[in-house]
Protein chains: 2
Amino acid sequence: MRENLRFDPVDLQILRVLQNDARITNRDLAAAVGIAPSTCLDRVARLREGGVILGHALRVAPEALGRPIQAFLSVRVQPHRRPLVEPLVEHIRTRPETRALYHLTGPDDFLVLVAAADVADLQRLVLDEFTARPEITRVQTMLVFQEWDGGPLLPPG
Amino acid sequence: MRENLRFDPVDLQILRVLQNDARITNRDLAAAVGIAPSTCLDRVARLREGGVILGHALRVAPEALGRPIQAFLSVRVQPHRRPLVEPLVEHIRTRPETRALYHLTGPDDFLVLVAAADVADLQRLVLDEFTARPEITRVQTMLVFQEWDGGPLLPPG
DNA sequence: CGTGAAAGTCACCTAGT
DNA sequence: ACTAGGTGACTTTCACG
């Protein structure tokens with residue numbers, strides 16, 4: 001990842017289109033941004049090498065997979081030291097329900113997005129995998145009613 | 001999206017491999033899960049039609065795009081009624097800093113993941129786009145130290 | 001940095017078993 | 001489900017402005 005902080009209008013357009021549909025073919029992408037396919041391939045490779053494009057992720061529907069209940073768990077850890085935190089992070093990351101994990105500033109230390117099969121499954125997860133651990137002093141559970149994605153992420157200015 | 005709640009071990013393997021690398025070719029995917037390419041194409045199409053696979057998303061690095069500061073904003077809205085909430089959701093979703101938005105149960109109503117250029121940009125966002133709105137009664141800002149993805153999302157059991 | 005053409009690979013469809 | 005064949009589209013490379 002180099003310090004690629006130069007983006008011309010073509011780069012921005014590529015990022016916009018690709019974030020809207022990552023499965024677009026290079027041909028169509030080139031046509032959409034108004035350059036030749038080979039040039040476009042080069043641009044995208046450059047964005048990839050530059051660390052701007054990290055990869056492609058599959059968007060799956062948790063409810064179609066039998067995990068219709070999503071929740072954020074706000075977790076407080078004490079004492080908040082490396083020897084305790086690092087195994088905890090690994091433990092949380094490897095739960096099959098965990099979708100994302102964030103280390104935060106604020107009253108609580110971690111925020112975990114989980115997808116559970118039902119409310120009983122969520123309760124089991126909280127009780128057995130979180131509050132049962134001695135270093136976790138508090139877990140606040142917030143159910144997700146609905147989620148939205150933001151628009152394409154672009155450079156500021 | 002039909003009620004596709006039957007997944008055999010091959011489906012699970014496909015979901016695992018695809019979530020690990022969504023850009024894999026159908027040939028390689030077929031080889032990885034041990035079936036013929038034509039069969040594999042059919043399986044993936046079925047998962048797509050069944051609403052399990054929603055699409056492909058580009059993974060971008062906010063810091064490489066000049067937005068190195070990420071934060072969660074926990075937002076309380078009062079009164080919490082549709083005529084106020086729906087325009088607010090649209091306003092938040094269309095901010096260029098917004099990466100994701102969640103409507104939650106709990107003391108606060110919304111959680112917003114944002115990516116800002118610097119701390120001053122974050123302050124401007126909070127003050128001008130959030131607390132300035134009369135229906136927002138409280139915004140709690142939590143900086144993101146670090147984030148991790150969970151493993152591949154699979155059916156429970 | 002951009003283009004156009006050429007070569008190899010792949011997705012995709014259709015049958016047959 | 002797999003195999004096989006066939007077509008068109010696609011990625012990728014390269015020599016050249």
Side-chain angles (χ1 to χ4, degrees), chain A residues 1-61 64-66 152-157, chain B residues 1-61 63-66 152-155 157:
Chain A
M1 175 165 76
R2 281 162 294 180
E3 62 291 345
N4 259 33
L5 294 179
R6 286 289 164 75
F7 301 100
D8 69 8
V10 175
D11 289 322
L12 299 185
Q13 196 61 11
I14 287 176
L15 287 170
R16 232 187 301 264
V17 174
L18 269 186
Q19 286 182 69
N20 184 270
D21 172 19
R23 237 167 68 101
I24 191 174
T25 66
N26 183 64
R27 262 180 79 96
D28 291 349
L29 176 60
V33 305
I35 57 178
S38 53
T39 309
C40 188
L41 206 66
D42 201 49
R43 290 275 194 151
V44 174
R46 221 174 284 271
L47 289 170
R48 215 176 283 279
E49 289 160 18
V52 178
I53 295 177
L54 297 174
H56 289 237
L58 200 67
R59 291 170 39 83
V60 299
L65 278 175
L153 195 67
L154 296 173
Chain B
M1 176 164 75
R2 282 163 292 178
E3 62 290 349
N4 260 32
L5 293 180
R6 286 289 163 77
F7 300 100
D8 69 8
V10 175
D11 288 322
L12 299 186
Q13 197 59 14
I14 287 176
L15 286 170
R16 232 187 300 265
V17 174
L18 270 184
Q19 285 183 66
N20 184 269
D21 173 19
R23 245 167 59 103
I24 193 174
T25 66
N26 181 65
R27 285 169 129 77
D28 292 346
L29 175 59
V33 305
I35 58 176
S38 57
T39 310
C40 187
L41 207 65
D42 202 49
R43 291 275 194 152
V44 175
R46 225 175 280 271
L47 288 170
R48 216 176 282 280
E49 289 161 17
V52 177
I53 297 176
L54 296 174
H56 290 236
L58 200 69
R59 290 170 40 83
V60 299
E63 67 275 15
L65 277 174
L153 194 65
L154 296 173

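The shown structure was predicted, so the numbers you read here are calculated from the model rather than taken from an experiment. Proteins come first, then strands; the chains are lettered A, B, ... in the order of their sequence lines, and each starts at number 1.
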Interatomic distance where CG belongs to A:Leu41 and P belongs to C:dT9 [whole Å]: 16 Å

Could you check how far CD1 of A:Ile35 sits from P of C:dG2, rounded to whole Å? 6 Å

Just the rounded figure in Å: distance from P of D:dT11 to CD1 of A:Ile24. 10 Å

Starting at CD of B:Glu49 and ending at P of C:dC12, how long is that distance when rounded to a whole Å? 12 Å

Looking only at D:dT11, C:dC10, C:dT3, the nucleotide nearest the B:Thr25 side chain is C:dC10

Using a cut-off of strictly less than 4.0 Å, decide whether A:Arg43 has a side-chain nitrogen or oxygen near OP1 or OP2 of C:dC1. no

Given B:Leu65 and A:Leu15, is the side-chain contact (heavy atoms from CB on, under 4.5 Å) satisfied, shown in steps? CA-CA 10 Å; B:Leu65 277 174; A:Leu15 287 170; 3.7 Å; yes

Distance, rounded to the nearest Å, where B:Asp28 contributes CG and D:dT11 contributes P: 16 Å

Between A:Asp8 and A:Asp11, is the side-chain contact (heavy atoms from CB on, under 4.5 Å) condition met? List the steps. CA-CA 5 Å; A:Asp8 69 8; A:Asp11 289 322; 3.2 Å; yes

D:dC2, OP1 or OP2 - any side-chain N/O from B:Thr39 closer than 4.0 Å? yes

May I have the step-by-step check of side-chain contact (heavy atoms from CB on, under 4.5 Å) for B:Arg48 and B:Val44, ending in yes or no? CA-CA 6 Å; B:Arg48 216 176 282 280; B:Val44 175; 3.7 Å; yes

Go through it in stages, so that I can follow the logic: the residues are B:Arg59 and A:Ile53, the test is side-chain contact (heavy atoms from CB on, under 4.5 Å), and I'd like the CA-CA distance, side-chain angles, deciding distance and then a yes or no. CA-CA 6 Å; B:Arg59 290 170 40 83; A:Ile53 295 177; over 6 Å; no

Atom-to-atom span, CG of B:Leu29 to C1' of C:dC12 - whole angstrom: 15 Å

Rounding to a whole Å, what distance do you find between A:Asp42:CG and D:dC14:P? 13 Å

So for A:Ser38 and C:dG2, does any side-chain atom that can act as donor or acceptor lie under 3.5 Å from a complementary atom in the base? no

Rounded to the Å, how far apart are B:Asn26 CG and D:dC2 C1'? 14 Å

